[in-house]
Every structure is written in structure tokens, then in C-alpha cells.
Number of protein chains: 2
Amino acid sequence: MRVKQIADALEISADSVRYYTRIGFLVPSKSHNGYKYYRPADVTRLRFILSARSLGFSVNDIKEILFTSSQTNAPCPTVRRLIEQRLKETEQRYQDMHELRLRMRKAMSEWENTPDQHPTADTICHLIEGFTALKS
Amino acid sequence: MRVKQIADALEISADSVRYYTRIGFLVPSKSHNGYKYYRPADVTRLRFILSARSLGFSVNDIKEILFTSSQTNAPCPTVRRLIEQRLKETEQRYQDMHELRLRMRKAMSEWENTPDQHPTADTICHLIEGFTALKS
DNA sequence: GGTAAACCTGTGTGTTGCTCACAGGTCAAT
DNA sequence: ATTGACCTGTGAGCAACACACAGGTTTACC
């Protein structure tokens, strides 16, 4: 299969396939014209990569997992350790997003009926400057 | 003020100040030794930038706002338009994070008492491959 | 005055996970 | 042979900083 075919089969962009190839996750064979040809094993591997990504593993995580599994070791202990870390980070970012969302909503509703003003020497936009989120 | 002083005053890293300077948000004067010196107006400006960032505006948004305000126009209409867009995106990313978080938790609890296995020809890590998130 | 350590500086590069631009190659139909 | 549609690989670009590094500056002490 060529790059577009494998990309279409797994419903990702050809550029993504090229990216995973570039960083060594996929190792296609090269034909006479320089085109890269992917084999069924590459499809399996790519499917694994996408599953891992959708579970929140980073590309570096996957690199570690692939390396571990290539060493005749079961990568599962690695996977367990990594997902614990990633989950913690995700919880934190989720919380941060939650707070950002609240701040944005609050600002919008506060600005709803506030008139606009021209900037002065000390103020650029009173809507932003008047919002006290930073101080709290 | 030199870079570290202004950074400490606003509780950000000196590298961030350098970054904002590099992209033209701050325009310090240069002394004989090549050091950059910031004036009170820069503090005001930087404080504005940080407020905007904390409200979810991107650096590009801020660029647009600063440009608008430099044109004797009130940037507030721009600000209103931008925050509406950013809020929409934030809601979407919040939702995405929510779902990722659920998938991760589900995977963790499913894997809780699952034994590890050595990888075979068709499987790299059964924990990830067995997780059906992609199909749903 | 000298000097050594601590601190600070600007510039260049790295980061994540792709996406885009581009010049050119390939293939089917004419 | 040639047009046109489609495909290819490589290199660069993105956000928003953080980090590495070689060197300049200031301070403490003699």
C-alpha cells in the first residue's frame, strides 16, 4: 500500500502517516521510484499507535512502549505506569480548562452591557483591564 | 528595569518577557551594554498582555488587539468578537478533555486486574489493543 | 586594585504532533 | 505525445514559551 491508501484505510491524513514514518514508527519498504510501500504489519502497528494516541499516550510514550516490546519484554507494565501519569496530567488540564471556561463566561456576561471606550495612555481595552481575574 | 526585574514584578519568567519582547509586544530601550531596559509603560502593557492571556486570548489575538488600539480605534469590539470565538473553542476542547478523561479512567479500571502478556506477532500490548475506544 | 563567585544577559535552538507549501513524479485518457 | 488529475517526499511552519550556552556584570572580600 502507498501512503494515501493506508491513510484512507485508517481514516487519518497522509501527512500523519508520513509523520509517523519520519519518526521511525513505521518502516515501509522503498520501491524504485522512491515511493514508500506499507505492508499489513504496518497497518497493525499504525492501528496500535492510533489506539494509544486516543487513550492519551504521547508520541514519546509510544516510542517507549514500542521499544520495550521490541526487547522481548511485555510493555504492559510500562503502559500501566504511563497511563497513570498521563491521567494525572489530564485531570489537571481538565481542571484548568474548567476554570478558564468559567473566567471566559464570567467576562462575557460582565461585558454584555458595558459600553466601549477609546484607549487612553494607561489603558488599552478597559474590558480586559477591568477584569479582575488576575488578582484573585 | 531589566528583564529579570520586570519578570519578577509580574511573576512570570524572564524568558516569557524575552519572548514578548522578541515578537514585538514590548519595545525596551537598549543601553550601552546591550541590555534591554523596560519602562513603566512596558509594565502596563505587559500586565495587559497577561490579563488577556489569562482570559484565553491567543498571542495572535493580542497582536490584533494591540494593532487596533494603536490605530486610534477602540479595540473593544475586536475583543468581544474574539472572546466569543475563543469561548466556543474552549467549550469544545473542554468537552474533548472530558471524553479523554473518561476513556482513560475506563481503561485504567478495565486493566486493573488484567494480567500482562508478552507481545505476539499481531499484538504489541493487549491492554491498548483490547480497548475498544476507537471502534465506538 | 584585584579576583573569584554569583548572577544576569541575549541569542539560538528545542519542544508536540502534526499541517502546509512546493516542485516534481506517475498514471490514465486522449 | 501530451494533457490533466492525482500522488509523492522533503522541508518548513505553527504556539507559546523553556532551555542551553557562552559570555558580560556586579558584589564580596582581600
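Order of the sequence lines sets the chain letters (A, B, ...), proteins ahead of strands, with each chain counted from 1.
- Residue B/Arg93 contributes atom CZ, which lies 14 Å from atom C1' of C/dT16 at whole-angstrom precision.
- C/dG24 atom P lies 14 Å from atom OH of A/Tyr35, rounded to whole Å.
- For the pair B/Lys4 NZ and C/dG10 P, the interatomic distance rounds to 13 Å; values are reported in whole Å.
- One atom, OH of A/Tyr38, and another, P of D/dT8, lie 9 Å apart when rounded to the nearest Å.
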| request: Dump the intermediate steps for side chain to side chain donor-acceptor pair (under 3.5 Å) on A/Tyr38 and A/Thr21, then the final yes or no. | output: CA-CA 10 Å; A/Tyr38 298 87; A/Thr21 305; 2.7 Å; yes
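- Across B/Asp15 and B/Arg18, no two heavy atoms sit closer than the pair OD1-NH1, 2.9 Å.
- Comparing B/Arg53 and B/Tyr37 by the nucleotide of DNA chain D whose heavy atom lies nearest to each, the residue mapping closer to the 5' end is B/Arg53.
- The residue from A/Gln85, A/Arg86, A/Arg93, A/Gln92 that alone fulfils the side-chain hydrogen bond (donor to acceptor under 3.5 Å, both in side chains) condition with A/Glu89 is A/Arg86.
- Between the CD1 atom of A/Ile62 and the C1' atom of C/dT16 there is a distance of 12 Å, rounded to whole Å.
- By the 6.0 Å and 45° rule, A/Arg101 stacks over the aromatic ring of B/Tyr94.
- A salt bridge does not link B/Arg45 to B/Asp42: none of the charged nitrogens lies less than 4.0 Å from a carboxylate oxygen.
- Interface residues of residues 18-27 of chain B facing DNA chain D, ordered by number: B/Tyr19, B/Tyr20, B/Arg22; criterion, heavy-atom separation under 4.0 Å.
- Protein atom NZ of B/Lys30 is 15 Å distant from nucleotide atom C1' of D/dG24, rounded to whole Å.
- Distance B/Gln5 CD to C/dC8 P: 9 Å, rounded to the nearest Å.
- Between A/Trp111 and A/Phe131, the ring planes lie perpendicular to each other; the angle is over 60°, past the 30° to 60° tilted range.
- For A/His126 (side chain) and A/Pro115 (main-chain N/O), a donor-acceptor pair under 3.5 Å exists by modelled atom type.
- Taking 4.0 angstrom as the limit, B/Ser13 places none of its side-chain polar atoms (N or O) nearer than this to OP1 or OP2 of D/dC17.
- Rounding to whole angstrom units, CG of residue A/Asp15 and C1' of C/dC20 are separated by 7 Å.
- For D/dA18, the OP1/OP2 oxygens have a side-chain nitrogen or oxygen of B/Ser16 closer than 4.0 Å.
- Between B/Lys36 and the phosphate of C/dT11, there is a side-chain N or O to OP1/OP2 separation shorter than 4.0 Å.
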